[in-house]
Each structure stands twice: as C-alpha cells, then as structure tokens.
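One is the number of the first residue; the rest follow in order along the sequence.
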Amino acid sequence: MQSLDTLLLYEKPDAYFFPHYSGSVFAPFDIPRPGLRYLAYKMLYLLHLPCCSLFWGKWKAHIKTAKRIIIFDYGYQRGMENYIRRINPHCKVYLFFWNKVNKYNRKHLLFSDANAIYSTDTEDCKKYGLHYNHIFYPREFQLPYTASPEQNRLFFLGADKGRAPYIASLKQVLEESGLICDIRILSPIRDSAYRKRFREILTDKGLSYDEYLAELKSCDILLDINQEGQSSLTMRVIEALYLSKKLITNNRHIPSYDFYCPDNILVLPENAVPSPEELRHFLHVPFRPYSDTILHNYSYEHWLQSFSS
C-alpha cells in the first residue's frame, strides 16, 4: 500500500480539480448516499453512539503513516480528529473551511483543537478567531496569456444563491459595453414567474469540471459575484489568475490581495453597476501577466506550507 504523507478529506473528490490529486484526496465515507447503510450511520451519529468510524472511508488505512490530515468543512464528521489521534498521536490534524461558516457547517467550530482551524474567509477569521489560508489551484493548469482580437467574451456559471436579479441587471450593462455574455445560473427555484423573468440566464444543465475548464479557456473575462456577506476568494478569482483572464468582481476585499492589478481586475461599485464607459476602458487596457511569485502564493504547495507545523 502506498505511504501517504498528507491526506485531504473532501466531500466529493471527483469535483473541481481534485482528481488531479487522486491518491491523496479521499471521501469521508465508503458508503453510498443516500442508502440504508448511510441512514444507519446517521442514526449512530445523531445519537452520539460509538462505531461511527466503521462507516468512514478508505482514508482510514493511511492514518498510521500520515504526517498531516487536512479535513475540508464538507468532509468533516464530529470526532474524526480524535479518532485519528488515537491511531497516530503524531499526526497533525487540521480543519479547513473552504466555505463561509454557515448553518450547515457552524458546529464544525467545536473541532477539538481550536488552534488547528483555518478558513479562506478573512471576515470569518476575525469573527471566530480562525487562522487564514488561501484556496489553491494546480500549477500544471496554468496558461500563458494570449490576446484574442476582440477580448470581449465573458463567462459565468454558478448556483443562484439569490444572485440572479443582480446578475441579470449587470448583464444588460455588460452587453451595452460591447461584451458577449455567456451567463448560466443553476437555480432550484421552480416558480414559473421567476423562471420566465430570468429565462435568458437560468439553466438546468451543469458541467463537469473538464467541460467548465474548456469554457474558461475559450473566454476572455470571468465574472465573479460573491454571495452576500462573503469576503473569501472564490474559485473564479484563482482561475482568472492561473488561466490569465481578466476578472470582473463584486468582492470589495480584492484590492487588499497581493495579486490585485486594476488593469486585470475590475471591482464593481457596491450596490450599483458600472457605467458602460468604465467597462469599455477596462476592456481596452492591456492585460498584465501575473508573476511566478504571485502564482506560487496560491499554489497547492504554498497552501500546504501555510498550515502551521
């Protein structure tokens, strides 16, 4: 059996770019969900009964040799860190909030080692006393900048999360500035009036990450719209860095990051939309390629190093 130095526990190891790290990324469970075995597990878990670990995944076989295990928020189950330490007292165990603290993962803050909890959201770090660590991207996915004749193709694919009305109004201004907008919002809302109102941007068809990546590579500009109260960087920001794309974002925290360049990134005005003139100016300013130092600062290797030893 392969000896692994670092294990990552993530809810869906086949999502995003995680297959790139296959062999070190594991699902928390080795049982299908939904299913009878999963229901049995949930009963044990909710009643705080023993033997929950019997249902956990193949990662358990690597605990004895692991030096570090990083559990993502949607891969964490209560008691995992204690189970790991019983088997390997020398293994460092971290909890990483890839997402903002919310009603679904808030109880994870009870993680037994408060000093080993990290988050991508700077506001959550201040609010809950967590350590900050960035999200990351595979350096192997990096693309050099290549200028297209028009530089006017914009792409966005994401869940609704209440963003459809704002994105729909923003789309009008983007198109007035000369952009060709491919905006696709996945929405669970089935209300016919809502679906009709936003029919131009709503979709029921998701993409695999490979399909999504192909769309990113063929566009010029990425649109990034944070949820209300979110300060963390999204995957779209990191994808813009590594794929050498311009970025239009409403994340007002972006100017505080080391990669911020106004020629490459347009921060939208708060509670408003930019003028077509402002957008046209941004589109015509030449793109400035990011330095290797900047890209390294958001790499997987740098992310690992940022967890305290």
Starting from the C-alpha separation in whole Å, work towards a yes-or-no answer on side chain to side chain contact (heavy atoms under 4.5 Å, CB included) for H131 and F307. CA-CA 9 Å; H131 297 290; F307 290 97; over 6 Å; no

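- Between the side chain of N251 and the main chain of T249, no donor-acceptor pair closer than 3.5 Å is present.
- Between E123 and K126 a salt bridge is recorded (basic side-chain N to carboxylate O distance below 4.0 Å).
- Stacking of K246 on the aromatic ring of F282 is recorded, both the 6.0 Å distance cut-off and the 45° axial limit being met.
- Sparse packing is recorded around CD of E200, with 12 or fewer heavy atoms of other residues, nucleotides or ligands lying under 6.0 Å away.
- In this structure, K100 pairs ionically with D124, as a charged nitrogen and a carboxylate oxygen lie closer than 4.0 Å.
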Test log, rule side chain to side chain contact (heavy atoms under 4.5 Å, CB included), inputs N99 and Y74: CA-CA 9 Å; N99 302 277; Y74 289 132; 3.1 Å; yes

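- Salt bridge absent: K92 and D113 never bring a charged side-chain N and a carboxylate O closer than 4.0 Å.
- Aromatic ring orientation, W56 versus Y83: perpendicular (interplanar angle above 60°, classes split at 30° and 60°).
- Closest approach of S231 and T122 over heavy atoms only: OG-OG1, 3.3 Å.
- Between Y38 and F29, the ring planes are perpendicular. Angles over 60° get that label, and only those under 30° would be called parallel.
- In the hydrophobic cluster analysis, where Ile, Leu, Val, Met, Phe, Trp and Tyr join through side-chain heavy atoms closer than 4.5 angstrom, L216 is grouped apart from I180.
- With hydrogens and angles left out, the side-chain atoms of S177 and R280 include no donor and acceptor closer than 3.5 Å.
- The neighbour count for L47 CG, taken as heavy atoms of other residues, nucleotides or ligands under 6.0 Å away, is above 12.
- Geometrically, R78 engages Y45 in a cation-pi contact, judged by NZ or CZ lying under 6.0 Å from the ring centre and within 45° of the ring axis.
- In terms of the ring-ring contact (aromatic ring centres under 6.0 Å, His included) criterion, H281 has no residue partners (sequence neighbours excluded).
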Residues Y209, F18; criterion side chain to side chain contact (heavy atoms under 4.5 Å, CB included); working and verdict: CA-CA 10 Å; Y209 193 71; F18 284 102; over 6 Å; no

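- Scanning all heavy atoms of the two residues, the minimum distance from L202 to R195 falls at CD1-CA, 3.8 Å.
- Hydrophobic cluster membership differs between L283 and V285, with clusters built from Ile, Leu, Val, Met, Phe, Trp and Tyr side chains linked at under 4.5 angstrom.
- K171 and E175 are joined by a salt bridge, as a carboxylate oxygen and a charged side-chain nitrogen come within less than 4.0 angstrom of each other.
- By the 30° and 60° cut-offs, the orientation of the rings of Y212 relative to F155 is tilted.
- Note on ring orientation: taking the six-membered ring where Trp is involved, the planes of F17 and W98 are tilted (angle from 30° to 60°).
- Here the CG-OG1 distance, from L222 to T234, works out to 9.0 Å after rounding to the nearest 0.5 Å.
- For L268 against I225, the heavy-atom pair with the smallest separation is CD1-CD1, 4.0 Å.
- Taking the ring-ring contact (aromatic ring centres under 6.0 Å, His included) definition, one finds that F198 meets it with Y194, sequence neighbours left out.
- Checking side-chain atoms of W303 against main-chain N and O of H134 turns up a donor-acceptor pair under 3.5 Å.
- Residues meeting the side-chain hydrogen bond (donor to acceptor under 3.5 Å, both in side chains) test with D263, sequence neighbours left out: R288.
- In this model, a donor atom of one side chain and an acceptor atom of the other lie less than 3.5 Å apart for E81 and Y76.
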